[in-house]
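Written below as structure tokens is the structure these notes are about.
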Protein chains: 2
Amino acid sequence: MSTRAAAPTRREQILKEAARLFAERGFHGVGVDEIGAAVGISGPGLYRHFAGKDAMLAELLVGISERLLTGGRYRVAEASGEPAEVLASLIDGHIDFALDDRPLITLHDRELDRLRDEDRKLVRQLQRQYVELWVDVVRQLHPGAPEAEARAAVHAVFGLLNSTPHLGSAHGAGLPGRDAAESLLRRLAHGAFGALSN
Amino acid sequence: MSTRAAAPTRREQILKEAARLFAERGFHGVGVDEIGAAVGISGPGLYRHFAGKDAMLAELLVGISERLLTGGRYRVAEASGEPAEVLASLIDGHIDFALDDRPLITLHDRELDRLRDEDRKLVRQLQRQYVELWVDVVRQLHPGAPEAEARAAVHAVFGLLNSTPHLGSAHGAGLPGRDAAESLLRRLAHGAFGALSN
DNA sequence: CAGGGCTGTTAGCGCTCGTTAACCTGATGG
DNA sequence: CCATCAGGTTAACGAGCGCTAACAGCCCTG
């Protein structure tokens with residue numbers, strides 16, 4: 001009846017908790033019993049929902065990559081043709097993602113090697129397409145920059161934006177509020193890309 | 001006789017290979033047999049040089065943190081009082097470190113939680129002091145920025161500079177040469193910090 | 001030449017962990 | 001009202017891993 005999100009399914013609960021635990025202690029550092037306990041069932045009960053521990057990680061990583069790419073494509077298509085505006089939209093979208101799904105961001109560039117070959121290839125392909133989205137826009141905005149440089153700059157800015165996990169309460173003085181973090185990251189990212197012109 | 005560095009001791013060989021393997025596959029993902037094989041001895045022979053697998057990781061992480069802090073302090077003391085110049089020196093030092101010791105950079109913010117409480121506290125303390133070095137300089141350079149913002153910006157720029165592992169040949173088109181990477185990262189970092197004034 | 005350290009080796013123990021097997025229960029639908 | 005099935009449970013297996021034990025060769029020193 002309400003307009004709130006529907007109750008999460010068991011699968012979704014498991015994925016969420018698994019993402020958090022994997023991000024905190026690493027894929028190999030978390031046991032299936034812990035994941036089960038986090039959702040109120042214990043150990044082997046997970047196998048009613050997933051083929052195995054690997055399958056959870058695979059679904060998480062493929063899901064992230066797909067969401068990033070889909071969101072990026074949407075923003076590129078939707079924004080005006082102005083490269084500056086497209087880049088700004090990509091940055092905003094990535095920041096939203098980084099702030100809303102910190103555990104996934106952590107997993108995204110940390111546990112990729114733990115996937116089966118097939119899944120890893122898929123994730124890599126999705127990541128590559130997402131990066132290409134950015135590289136194209138950056139090269140339109142900075143025609144002087146060689147492609148390798150633009151690509152490296154994109155990766156570096158990803159590192160900057162994905163630093164949000166380190167901003168959390170872990171270090172005592174996190175930023176006051178999500179809006180401040182969003183605004184700061186936006187300025188830093190634009191500042192970094194702006195330096196490409198020099 | 002020659003002026004080259006002395007032959008590395010067995011301990012140093014082990015630490016170097018362990019760092020590489022831990023960075024590639026994670027602390028829990030690497031077995032002692034693999035580390036041994038990487039230096040030509042096998043498995044339990046490592047225990048003649050280290051108390052255990054944990055001790056290797058601890059020595060690596062403490063070593064990184066100490067080198068970063070020592071190098072940072074040296075640069076702060078050595079540079080002229082001009083905040084801009086001090087920050088530039090810190091950035092250059094961090095870039096050198098990131099480019100020369102990519103595996104260590106990866107471990108530095110990825111495997112900290114696998115340490116014994118005592119070691120983790122020590123590493124955290126060293127990291128905090130290093131960050132403080134940067135925050136102090138950034139605040140001198142941008143007096144308008146609140147401390148939390150300066151600290152978050154420093155962490156974000158670390159994320160940017162530490163993105164070097166992602167620039168490697170893994171993605172096909174790495175930057176052509178170390179100098180180009182160094183120059184690019186320097187420009188991006190300065191660009192990001194410059195955006196703090198706005 | 002005798003005797004220790006070093007620095008390796010291999011065998012094996014003990015524990016953890018992912019996974020499977022076998023069983024149980026409550027809801028559902030013909 | 002009974003059959004089915006989704007979604008749990010506990011027990012247990014098999015593999016892998018960190019680490020120790022016991023032993024062996026090399027090099028130095030007295």
Side-chain angles (χ1 to χ4, degrees), chain A residues 6-62 103 107 110-120, chain B residues 6-62 103 107 110-120:
Chain A
T9 81
R10 209 10 53 117
R11 270 184 72 89
E12 291 166 339
Q13 286 181 47
I14 294 170
L15 285 176
K16 181 181 168 189
E17 295 302 309
R20 184 179 55 81
L21 289 168
F22 289 160
E24 283 175 6
R25 296 208 284 285
F27 179 67
H28 290 293
V30 179
V32 290
D33 289 355
E34 293 178 80
I35 304 175
V39 296
I41 72 182
S42 244
L46 296 172
Y47 287 74
R48 299 289 169 195
H49 304 275
F50 293 92
K53 200 180 152 193
D54 300 346
M56 303 180 205
L57 183 63
E59 189 156 331
L60 283 172
L61 292 186
V62 172
L107 291 184
R110 189 167 300 195
E111 307 285 358
L112 183 62
D113 303 325
R114 264 54 109 195
L115 256 51
R116 284 173 30 236
D117 281 16
E118 191 184 354
D119 294 321
R120 186 171 54 244
Chain B
T9 81
R10 195 51 6 141
R11 271 183 73 90
E12 290 166 339
Q13 285 182 47
I14 294 170
L15 283 176
K16 181 181 168 188
E17 295 302 308
R20 184 179 55 82
L21 289 168
F22 289 160
E24 282 174 8
R25 297 209 285 283
F27 179 68
H28 291 293
V30 179
V32 290
D33 290 354
E34 294 178 80
I35 304 175
V39 297
I41 71 182
S42 244
L46 296 172
Y47 287 76
R48 298 292 168 194
H49 305 275
F50 293 93
K53 201 180 150 192
D54 300 345
M56 302 180 205
L57 182 64
E59 189 157 329
L60 283 171
L61 292 186
V62 172
L107 290 184
R110 187 167 300 194
E111 307 285 359
L112 182 63
D113 304 326
R114 263 55 107 195
L115 256 49
R116 285 175 28 236
D117 281 15
E118 191 185 354
D119 294 321
R120 186 171 54 245

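Numbered from 1 within each chain, the chains take letters A, B, ... in sequence-line order.
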How would you label the contact of G31(A) with the nucleic acid (heavy atoms, under 4.0 Å): base, sugar-phosphate, or nothing? sugar-phosphate
Give a yes or no on whether the backbone of I14(B) and the side-chain of E17(B) come within a donor-acceptor separation of less than 3.5 Å. no
Separation between CG of D113(B) and CZ of F27(B), rounded to the nearest 0.5 Å: 12.0 Å
Whole angstroms only, please: what is the CG-C1' distance between L21(A) and dC17(C)? 15 Å
Separation of dA12(D) P from D33(A) CG (nearest whole Å): 16 Å
Nearest-Å distance for atom pair CD1/P, residues I14(A) and dG18(C): 15 Å
Please state how far atom CZ in F27(A) lies from atom C1' in dC17(C), giving the value in whole angstrom units. 12 Å
Does a side-chain N or O of H28(A) approach OP1 or OP2 of dC17(D) to a distance below 4.0 Å, or not? no
So, is R10(A) near the phosphate of dG8(D), with a side-chain N or O under 4.0 Å from OP1 or OP2? yes
Whether R114(B) side chain and A58(B) backbone form a donor-acceptor pair below 3.5 Å: no
Once you apply a heavy-atom cut-off of 4.0 Å, does V30(A) come out as touching a base, just sugar-phosphate, or nothing? sugar-phosphate
If I take atom CD in residue Q13(A) and atom C1' in nucleotide dG8(D), what distance separates them, rounded to the nearest angstrom? 14 Å
Say you draw a straight line from CG of L107(B) to CD of E24(B); how long is it, rounded to the nearest 0.5 Å? 10.5 Å
L46(A) atom CG is separated from dG18(C) atom P, nearest whole Å, by 10 Å
Run R11(B) and E59(B) through side-chain contact (heavy atoms from CB on, under 4.5 Å) and show every step you take. CA-CA 11 Å; R11(B) 271 183 73 90; E59(B) 189 157 329; 2.5 Å; yes
To the nearest 0.5 Å, tell me how far R110(A) CZ sits from F22(A) CZ. 13.5 Å
Name the nucleic acid region contacted by G52(B), choosing base, sugar-phosphate or nothing; use a 4.0 angstrom heavy-atom cut-off, strictly under. sugar-phosphate
Using whole Å, report how far CE of M56(B) lies from C1' of dG18(D). 10 Å
dA6(D), OP1 or OP2 - any side-chain N/O from H49(A) closer than 4.0 Å? no
When rounded to whole Å, the CZ to P distance for the pair F50(A) and dT19(C) reads 13 Å
Nucleotides 20-25 of chain D: which of its N/O atoms have a protein N/O under 3.5 Å away?
{"residue": "dA22(D)", "atom": "N6", "partner": "R48(B)", "partner atom": "NH2", "Å": "3.4"}

Distance-only, no hydrogens or angles: does the K16(B) side chain make a donor-acceptor pair with backbone N or O of P8(B) under 3.5 Å? no
Would you mind telling me which residue lines up with the more 5' stretch of DNA chain D, K53(B) or I41(A), judged by nearest nucleotide? I41(A)
